[in-house]
Amino acid sequence: MNIKTRSWAEPYKMKMVELLKMTTKPQRIKAIKEAGFNTFLLKSEDVYIDLLTDSGTNSMSDRQWGALMIGDEAYAGSKSYYKMESAIQKNYGYKYIIPTHQGRAAENILSKILIKKGDIVPGNMYFTTTRLHQELAGGTFEDIIIDEAHDPSNEHPFKGNVDLAKLEKLVKKYGAKKIAYISLATNVNLAGGQPISMANLKELRAYTKKHQIRIIHDMTRVAENAYFIQQREKDYEKKSIREIVFEICSLTDGATMSAKKDALVNIGGFMATNEWDVFEEARNLVVVYEGLHTYGGLAGRDMEAIALGIAESLDDNHQHARVGQVEYLGKKMQDYGIPIVKPIGGHGIFVDARAMLPHLTQDEFPAQTLAAEIFIDSGVRTMERGIVSAGRKSNGKNYYPPLELVRFTIPRRVYTQAHMDVIAESAAAVYQRRKTIKGLKMIYEPKYLRFFQAKFEKLK
Ligand code: PLI
C-alpha cells in the first residue's frame, strides 16, 4: 500500500445530530415556485443540505455550549463582555472593542464615524452590506482588487490582493484626504473566498502610512486567509494560523467582524479600533443602535461563545479540516467538468454560472437560475452571487458584475464527506442538462439588498 499521502480527518467527533427531512422532486418544485425562485425565501425544513451560507450556521463545540450556561446576563459590565474583549485583544491585537449583534451593525457604526459625504472608500471587492453602509454614510466604493480576481479561471494564488496602481490613481484623482479608509477584506467573499498575501498587505501598509490613510479590516474570514498564507506564501509555512492572524491584524488600524463565520458562533460581531477617538464615538453610537457598549445587542452567553470560538478558529488542525473539506468538494466538482472559480477558496465552491449557462444573458439571471435548479434536483440550497447580489447603483442602473456565481457555502463542522459527494453529484446532474435550462424574470425587487427578498418567475 502506498501511504505517501495520508488522509486528513476532522479534529472532532459528533455528540448530537439534527435530523433532516427528505423531500420529493414535486415537493421541491412547489417549494421553489412559492419562494419566487429565490433560495433565501425557502423554508429551511424543505432543505436537505443547506449551503446558503456559512454565516451563523456553524456547529459550536461542547465547550461553547457549556459556556452558554455561565453567560453573565448583567445589563452593564458583564463578565462575559470582558472575556470577549480579552479574547479579541489577545488573539487579534486590537485595542478597543465594541460588541454588535452581527457584522453589518459594526459596519453601520464604523461607516457613520469615518465616512463623510463625498468620500471615496477603496476596497478589495465590494461586499453587499459593507458597501451599502458606506453608501448610506455618503461614501462611494471603488474597487481596487487585482484584475485577476474578476476572472473565475485565473489561478493567481492571492486573488484578494490590492492593485496599488489602482489605489494610487484614486489618491491622485481625489487626494488622500478624500479617502475615508481602505476597506480591506481578508479571504474576499465575493471573489470566491480568495486570500490576500502578507507581502501585498505589507506594501499596502507602507503606502497608506505614507499617505496617512487608515486600513479598516473586514476580518470576517481572517483565519481562512491565514491558512492560505501558511500554505502558499514563502516564509510563512512554519508559522501558526494564530501568529499569522495576529500579524495581519497588526498591519491594519481597525476592523469590523461578523463572528458568525470564522468565530464559530450562531450570532455576534464587533467593531475594533486602535484609536481612542474613534472608539469613544463608537461607544456612544452603539447605545443608539445596538445596546450598551458592554453587550452591543448580544446576550452574555453569546459573548462567552464568541470568546471560545475565536480561540478554536485559530487552531491549525481546525482550519486544515475546514478548508480541506471545501477542497474535497471542489475537486469532485472539477472531476465532473463543472466550471468553478479557481483556485478553490476558503468557505465554499463558487460555480461559474456564465460558463455553465452561456445561452442566458446576465439579465436572465444565470446564477439565480442555477441555484433554483440545484435545489429542485436534490434539495441542496445554494446562493446567487452575481447580478442580483450586486444590486443597483445610486443612479438606479444595475451593476453588471463580471462574476456571475452560485455559491455552495460550507458551514463549519456541520456536514460530512458523504454530504459533499451528494452535493457534487447533484451539481453534475444539473450540469448534464444545462443546455435545456431556461432563465428567470424578476417580478419583485425591494429597494435595499434585493437578493434577500426579490422574486422571480421562469421564462417561457
Ligand atoms: O451577516 P453579518 O451582518 O453578520 O456580516 C456581514 C458581512 C460582512 N462582511 C463579510 C465579508 C461577510 O461575508 C458578511 C456576511 N456574509 C454573509 C451573510 C454571507 O452569507 O456571506
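Counting starts at 1 for both ligands and their atoms, following the listed order. In this text the structure is predicted, and so the values were computed from the model without any measurement.
Not a single heavy atom of His347 sits less than 4.0 Å from an atom of ligand 1.
Cation-pi geometry between Arg283 and Tyr96 is not satisfied (NZ or CZ under 6.0 Å from the ring centre, within 45° of the ring normal). Cation-pi geometry between Arg385 and Phe451 is met: under 6.0 angstrom from the ring centre, within 45 degrees of the axis.
Rounding to the nearest 0.5 Å gives a distance of 9.0 Å between CG of Asp218 and CE of Met257.
Proximity to Thr129 (heavy-atom distance under 4.0 Å) selects the following atoms of ligand 1: 6 (C), 7 (C). Listed by number with element, the atoms of ligand 1 under 4.0 angstrom from any heavy atom of Met383 are 20 (O).
Note on ring orientation: taking the six-membered ring where Trp is involved, the planes of Phe456 and Phe365 are perpendicular (angle over 60°, cut-offs 30° and 60°).
When hydrogens are left out, the protein atom nearest atom 3 (O) of ligand 1 is Arg104 NE, 2.7 Å; that is the closest non-hydrogen contact. Annotation: atom 2 (P) of ligand 1 to nearest protein heavy atom, Gln102 NE2, 3.3 Å.
When Asp218, Asp54, Thr409 are ranked by how near their heavy atoms come to atom 11 (C) of ligand 1, first place goes to Asp218.
The part of Lys260 lying near ligand 1 is the side chain, judged by heavy-atom distances below 4.0 Å. Contacts with ligand 1 closer than 4.0 Å are made by no heavy atom of Met125, backbone or side chain.
Aromatic ring centroids of Tyr81 and Tyr295 lie 6.0 Å or more apart.
Between Arg221 and ligand 1, at least one N/O pair is under 3.5 Å apart.
For the pair Lys95 and Asp253, the salt-bridge criterion is not met [side-chain N within less than 4.0 Å of a carboxylate O]. By the 4.0 Å N-to-carboxylate-O rule, Glu312 lies too far from Arg412 to be salt-bridged with it.
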